[in-house]
**Student:** 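Structure incoming, see below.
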Amino acid sequence: MSLARHIDPDDLIHHLQDLPIPSESSTHLTPFSTPYASQRDIPKYTIPQDGAPGDTVYEMIHDELDLDGRTNLNLASFVNTYAEENARKLMAENMSKNLADNDEYPAMLSISERCVSILANLWGADSKREKAIGSPTVGSSEAIHLGGLAMKRRWQERRKAEGKDVSKPNIIMGANAQVALLKFARYFEVEARVLPVSEKSKGRLDPEKVRENVDENTIGVFVIMGSTYTGHYEPVEEIAKILDGIEKEKGWDVPIHVDAASGGFVAPFTHAGAGGPKWNFELPRVKSINASGHKYGLVTAGVGWIIWRDETYLPKDLIFELHYLGGVEQSYTLNFSRPGAQVIVQYYNLIHLGFNGYREIMENCLANARVLSKSLEGTGWYTCVSEIHHPIAPPKTETDTSANYVAGLPVVAFRLTDEFKRKYPHIKQETISLMMRARQWIIPNYALPPDENETVILRVVIRESMSFDLLDELITDLIHVTETLMDHDEVDLSIFHKMRRKGTKKTKHDHHKEKKGSEEGKRLGEGIHRSVC
Amino acid sequence: MVHLSTIPDEDEVNNKLVEGLKKAHLQLVNDEDSFTTSVYGSKFAARDLPKHEMPEQEMPKEVAYRMIKDELSLDGNPMLNLASFVTTYMEEEAEKLMAESFSKNFIDYEEYPQSADIQNRCVSMIGKLFNAPAGIDDSLGAIGTSCVGSSEAIMLAVLAMKKRWKNKRLAEGKPVDRPNIVMSSAVQVCWEKAARYFEVEEKYCYVTDDRYVIDPEETVNLVDENTIGICAIMGTTYTGEYEDVKAVNDLLTKKGLSTPIHVDAASGGFVAPFVVPDLEWDFRLEHVVSINVSGHKYGLVYPGVGWVVWRSAKFLPQELVFNINYLGADQASFTLNFSKGASQVIGQYYQLIRLGKHGYRAIMSNLTRTANYLSDSLEAQGFIIMSKKNGDGLPLVAFRLPHKEDRNYDEFALAHQLRVRGWVVPAYTMAPKTDNLKMLRVVVREDFTRNRCDSLITDIKLSQAVLEQMDKESIKKQQEFINKHHVSSGKSTHNHPKYRVRNLRSCDAFAFYVCPRIKMLTASHRRKNIPFRERPARLTLYANERREHKRAVSIDMPRTGGVDRSVVETHKVGVEKKASLSVELPGGQKLLTLRIACPS
């Protein structure tokens, strides 16, 4: 029997009363009765000498974050913002788990392996003939770096085996490419051959231009499934055929990496598919595919996926075998310790929604996008650059599904009609974007990629959480804003052109006015991310 | 008083029973689940969870949640994981803040300006903690960014050093094809990764069996004109020791070299400034150009945040910075990742202002005390302590068994024995060229209290006692069992050339190795890119030359994760001196059959 000493509470209290009470007591009634509520500024640039109670700090930061935008009204971003209650619960429960620690969290590892397997099957990997291999990443950027690096290394190995020069690798992509693709080229020292896109090519990579630009130093072609500008899918199959022809003719085996950051979770589910032609591992030339789990994969920010069609396409010297935390593991990532909760939620979504669940959601998104496009064009003021609302003739099905329309991402890119611009030359699209912001909607105003940059578009991304009701409100507000602008004269509106928010000092439009040659260098050379100390 | 009851006669009993039996037929539920189905009553509980292909139909959310949650209960208990530096405890308020921010995309500055501002504040606080010089004019101040972790931070730092070196060399008209980086052989794997992915040659300063950190003299001697920089570690992964950054810095100054130093303070960055504030390792030293630190280690945030700070903007070449017009606003960034959650950055800010210097110092002091206590206790138990005490290194204890001929067990066996009690205490083989020194390591984290430390000490004692009692044979058996069945611990390759039996297919495709000690035959691919169809799918080992099916063991070659190694256990069939081996291709077609000599 263990002994316990009796404590005399009176004695204890008496003893404690003798202790001096600190001048600035840390006891308080509510977070708002502490000095941080009014007398003292919350520390911003140096770590304070003394801490503060947890609930106070929580309340201060929580309130400060109210100044962030509303996630659901942000129509600019593809990144998913809605998570089911259960998904959120799973995330909170697993917040402290480290995805890199396979030895300690074997169940999480197995879940991540299942996701890879499910996605490989979804994207047409042939498990009988080849062994697909893949990895979760933090996002599509990491996935693209990994995919590109594998292509570069394969090319280097091949060239070295042939005894040829390996100093001038290049990679081909369209001018509509997301910045991560350019980043890859810059950081891994590969020449980026950014091919101009045009209205003729529907803002997509032009297969003919690919043919002209491929040479023996081309490590691969990035093809984008779902251009971020207009939501168009790039013609993967057509490009693959051209590359097949080149291989036959000249013997250059140029692989394709499909950047399906947004489309990877849309095209496989919708009735429209990728609009007929193939885009995934069914094409032998497609060696790797990446997608963002946090876009239409319906997970919140922090997960992407990359899959190679067979392990032979992943050079062995890039794989690291590490003896970490007591176990042996193999990895090919740029990040190491990182949260694993998003991967768990990805698995939750995959098995909770199933194929049908994803299909319903994607069809809903596309249907809403069509309603928005048609309403905008119905006003006569706007015209859409995106084409998902264009019916194809003859319709494929009797029911009104996406199969009867041009395939693409649920994105509506629109601009003022030429007629409207003639009639009201003082109304700028940017003003519409600004006025919508006053109603809390965020609709960005972009210039299309170089060569097309005279066209400026407003873009709305329809995500899962954009319900029909909300869409109705959006259309009403857009029409209301446009009407207000039409009713006002030039002088009134000039104020808006001067009013710009912090952080929007320059738009892409301005950049691309510079001459093409110096354009890229200028854009990349300028500015620097500063956090002043 | 008890109720009276009549006793049924025999007929009555029999009749009723028989009638009842006839009527009773099974009525198992076979209908579709309705929404009232309970989780464990649903059809999903009786089925395997989808593993390789998406299910056609939906699954109710409660069911999916519960199934995944149950599955995850097989994960280890983060609290007992003494292998990792990564934070496993945060206050409830911090958790709440982080959970509220799950759906925020950190990179979306335009939409979440406040989260971005919070990052800037953290960078500033951390920069000041490392004594970053304040800028005189706009272009000279320190700059920094948040990352997913130290890996990303290190890659960015290496990129920046490489680019600066390259620009300088190009300006001088010199060749730029052979950059190298000088570092300790005890670096974390991400340094090797960074070097290999960005094509920089690694130059190692090897640690020895009595010195676990770099030797400043030797390090500086490795520097040549192609050296892009030196990496110094504040807290090595093995023993937690701080490397002598000041000595390296002073030697560089003495020699008149301008080689930059990057300090990898992944673990030490939040310890040293609080425990040993006078130690000069940071921007106080002129050659230190950049420092990285993991927020999710001693920064006390859940995984997913790291920081990198450069002394001044000029150490970050402009062409690496991307100016992006994303989501409607121009942003400059230098990251490898793009979209990611904002929670961890917010969590970091919470910790910084919640704890203050005082709070961090209190926690780090406690950890140092606990580490001292554990270190002393283990030393008293006869272990050899390899880590430093009293804040001369990270709060971790690295220890090994003393060299003794007659002991049957090693550090790995002890680690396994501790796992039985739930403790994850990793056993390592030290960095190369240390004579295969084995060691155990305990990381003292915030939630490792003195009380828990006592439980660990008791369990180490008990485990040793158990191992002492076991004879050599059973330990070996146990070891084999671990090798075979454990997920990842203790795997090793036995490809010593002495045991090489024969190379097949004119040496190019794969090789077999027999390791007689543990009676295994290992087959592995040697060439890197063998087309899939040419790879063997199945190995069959026959006990003798006659190839009897009765005495044969087959194994499918694994085809996952880049592992092309397969192991056939020869003792299963009791191999004779001359055995034979058959190799099949995926379609079942025999590639070859050959006789092999098995060493006894």
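Here is the naming used below: chain letters follow the sequence lines, and residue numbers restart at 1 for every chain. All heavy atoms count here, side chains included; hydrogens, waters and symmetry mates do not.
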**Student:** Heavy-atom cut-off 4.5 Å, strictly under: side chain, backbone, both or neither for B:Leu49 against chain A?
**Tutor:** both
**Student:** For B:Glu100, which atoms come within 4.5 Å of any heavy atom of chain A: side chain, backbone, both, or neither?
**Tutor:** side chain
**Student:** Under 4.5 Å from any heavy atom of chain A, what part of B:His296 do you find: side chain, backbone, both or neither?
**Tutor:** side chain
**Student:** With A:Lys89 as the cation and B:Tyr65 as the aromatic partner, state whether NZ or CZ is under 6.0 Å from the six-membered ring centre and within 45° of the axis.
**Tutor:** yes
**Student:** Non-hydrogen atoms of chain B under 4.5 Å away: do they reach the side chain of A:Ile111, the backbone, both or neither?
**Tutor:** side chain
**Student:** Please state whether the side chain, the backbone, both or neither of B:Tyr89 comes within less than 4.5 Å of a heavy atom of chain A.
**Tutor:** neither
**Student:** Which bit of A:His352 comes within less than 4.5 Å of chain B, counting heavy atoms only: side chain, backbone, both or neither?
**Tutor:** both
**Student:** Side chain, backbone, both or neither: which part of A:Glu84 has an atom under 4.5 Å from a heavy atom of chain B?
**Tutor:** side chain
**Student:** Given heavy-atom pairs under 4.5 angstrom as the criterion, report whether the side chain, backbone, both or neither of B:Leu129 touches chain A.
**Tutor:** side chain
**Student:** Quick check on B:Thr87 against chain A: is it the side chain, the backbone, both or neither that has a heavy atom closer than 4.5 Å?
**Tutor:** backbone
**Student:** Non-hydrogen atoms of chain A under 4.5 Å away: do they reach the side chain of B:Glu192, the backbone, both or neither?
**Tutor:** both
**Student:** Against chain A, work out which of B:Gln114, B:His358, B:Lys340 has the most heavy-atom pairs shorter than 4.5 Å and name it.
**Tutor:** B:Gln114
**Student:** Check each atom of B:Lys162 against the heavy atoms of chain A and say whether the ones under 4.5 Å are side chain, backbone, both or neither.
**Tutor:** side chain
**Student:** Using heavy-atom distances under 4.5 Å, tell me whether B:Ser73 contacts chain A through its side chain, its backbone, both, or neither.
**Tutor:** neither
**Student:** Looking at B:Lys96 and A:Glu59, is any side-chain nitrogen of the basic one under 4.0 Å from a carboxylate oxygen of the acidic one?
**Tutor:** no
**Student:** Need one label for A:Ile351: side chain, backbone, both or neither, based on atoms under 4.5 Å from any heavy atom in chain B.
**Tutor:** both
**Student:** B:Leu159 versus chain A, heavy atoms under 4.5 Å apart: side chain, backbone, both or neither?
**Tutor:** side chain
**Student:** Contact part of A:His62 toward chain B, heavy-atom cut-off under 4.5 Å: side chain, backbone, both or neither?
**Tutor:** both
